[in-house]
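Input: a single structure, listed below in structure tokens.
Along the sequence shown, the residues carry numbers beginning at 1.
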Amino acid sequence: MTEIAEIINKARAADRVSVRDIIDHCFSDFFELHGDRQFTDDEAIVGGIARFKGQAVSVIGIQKGHNLAENLATNFGQPSPNGYRKALRLMKQAEKFGRPLITFINTAGAYPGIEAEERGQGEAIARNLFEMSDLKVPIIAVITGEGGSGGALALAVANKVIMLENAVYSVLSPEGFATILWKDGKRRDEAAELMKITADHLLEMEVVDAVIKEETLFENLSASLEQALTELSEMTVDELVEQRYQRFRKY
């Protein structure tokens, strides 16, 4: 098995660290908030208020399950429009109360079903991109497993983007890329090499700011988040928004 194949398999593994695992180990006093105030609560999106090193923050993440029952409940980590609207509600709440926003992303992509399209999946993702670009608080995004397409980016318009070392981040899956390019999804690993979707590649291209080693994961992640929050706390609101804008223009 090639190195990139191992990374992809680790990113997709059933025992991959989840946002709830991270909240339990890295945050305190987590108070979960539910619902998009329009239709329903999407369990693929976990969000609420917590403390990090004593500082109040808002935490939002995409949840995958560790077993079939959990995956069915969270739709295998594929958020619906209601999930993205729930996330946006919590983002705007963070802005209202001046809390830094930390997001955790692990999704193959947004849910592509008919009901999601009927409820405005594309609009929900686009609205998040638009609103996040102008939020008046620091935003840190962490790619913990798969970061797939607009479904990931809808939580990743951030001032700082961090990746775990065995995560991947791309505009589409390598299987999809291989199917489009060669009509052969089995050429996944070859496609992934061309796409440069691993943490080291993306750090080199300055798409991400830091890569977290997964040995002693929670300690390393906490240290990286603390450093990022310290750096962003020194910036004015206008500087935060402009830095975020310039970051994504550069992509």
Side-chain angles (χ1 to χ4, degrees), residues 16-37 41-66 70 73-74 77-80 82-107 124 128-129 131-133 135-147 151-164 167 169 208-210 212 214 217-233 240 244:
R16 189 72 179 164
V17 65
S18 73
V19 63
R20 291 193 183 277
D21 298 330
I22 292 170
I23 289 170
D24 288 344
H25 286 86
C26 298
F27 297 85
S28 62
D29 301 320
F30 178 63
F31 184 82
E32 187 170 358
L33 299 168
H34 297 274
D36 66 344
R37 299 296 186 266
D41 185 47
D42 183 355
E43 292 187 45
I45 297 285
V46 174
I49 308 163
R51 290 192 181 275
F52 178 76
K53 307 290 186 182
Q55 179 180 8
V57 297
S58 288
V59 180
I60 303 170
I62 300 175
Q63 174 73 12
K64 280 187 182 180
H66 293 311
E70 291 178 0
T74 61
Q78 297 179 101
S80 68
N82 316 104
Y84 289 116
R85 292 180 179 126
K86 168 182 168 181
L88 179 58
R89 180 174 75 84
L90 302 185
M91 291 175 194
K92 298 300 286 186
Q93 183 195 77
E95 181 181 52
K96 178 179 179 179
F97 293 101
R99 292 190 297 264
L101 174 63
I102 304 173
T103 67
F104 296 94
I105 296 142
N106 182 16
T107 182
N128 279 24
L129 303 181
E131 296 286 356
M132 286 189 82
S133 68
L135 282 183
K136 306 299 192 294
V137 292
I139 306 174
I140 302 169
V142 185
I143 313 298
T144 62
E146 289 186 277
L153 194 59
L155 267 67
V157 181
N159 297 100
K160 297 281 187 182
V161 181
I162 299 168
M163 276 185 81
L164 304 193
Y169 190 25
V208 302
D209 299 289
I212 305 298
E214 295 184 25
L217 168 61
F218 299 118
E219 292 86 347
N220 293 340
L221 178 57
S222 290
S224 187
L225 289 175
E226 186 173 17
Q227 180 181 348
L229 281 171
T230 299
E231 292 175 6
L232 294 177
S233 69
L240 286 169
R244 205 178 304 138

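Nearest heavy atoms, Gly145 versus Arg16: CA-NE, 3.9 Å. When all heavy atoms of Thr144 and Val17 are compared, the closest pair comes out as OG1-O, 4.5 Å. Looking at every heavy atom in both residues, Glu95 comes nearest to Lys136 through OE2-N, 2.9 Å.
Inter-residue side-chain proximity for Leu232 and Pro100 is flagged as unmet; no heavy-atom pair is nearer than 4.5 Å. Residues Leu217 and Leu164 meet the side-chain proximity criterion, which asks for heavy atoms closer than 4.5 Å. Using a 4.5 Å heavy-atom cutoff, the side chains of Ile60 and Met91 are in contact. You'll find the side chain of Asp36 stays beyond 4.5 Å of the side chain of Ile45, heavy atoms only. A heavy-atom distance below 4.5 Å is found between the side chains of Phe52 and Ser222. The side-chain heavy atoms of Val57 and Phe27, taken from C-beta on, include a pair separated by under 4.5 Å. The shortest side-chain heavy-atom distance between Glu146 and Lys64 falls under the 4.5 Å cut-off.
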Result block: side-chain N/O donor-acceptor pairs under 3.5 angstrom for residues 151-159, not counting sequence neighbours:
residue	atom	partner	partner atom	Å
Asn159	OD1	Ile139	N	3.1
Asn159	OD1	Arg244	NE	3.2
Asn159	OD1	Arg244	NH2	3.1
Asn159	ND2	Leu240	O	2.8
Asn159	ND2	Gln243	OE1	2.7

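Going from atom CE of Met163 over to atom CG of Asp209 covers 12.0 Å, rounded to the nearest 0.5 Å. With rounding to the nearest 0.5 angstrom, the CG atom of Leu225 is 7.0 Å from the SG atom of Cys26.
His25 is linked by a side-chain contact (heavy atoms from CB on, under 4.5 Å) to Phe218, counting only residues two or more places apart in sequence or in another chain. With sequence neighbours excluded, no residue satisfies salt bridge (Lys or Arg N to Asp or Glu O under 4.0 Å) with Arg89. With sequence neighbours left out, the side-chain contact (heavy atoms from CB on, under 4.5 Å) criterion links Ser80 to Asp42, Asn82.
For residues 96-105, the set of pairs meeting the side-chain hydrogen bond (donor to acceptor under 3.5 Å, both in side chains) definition, not counting sequence neighbours, comprises Ser58-Arg99, Gln93-Arg99. Each salt bridge (Lys or Arg N to Asp or Glu O under 4.0 Å) pair with one or both residues in residues 219-232, not counting sequence neighbours, appears once here: Lys160-Glu231.
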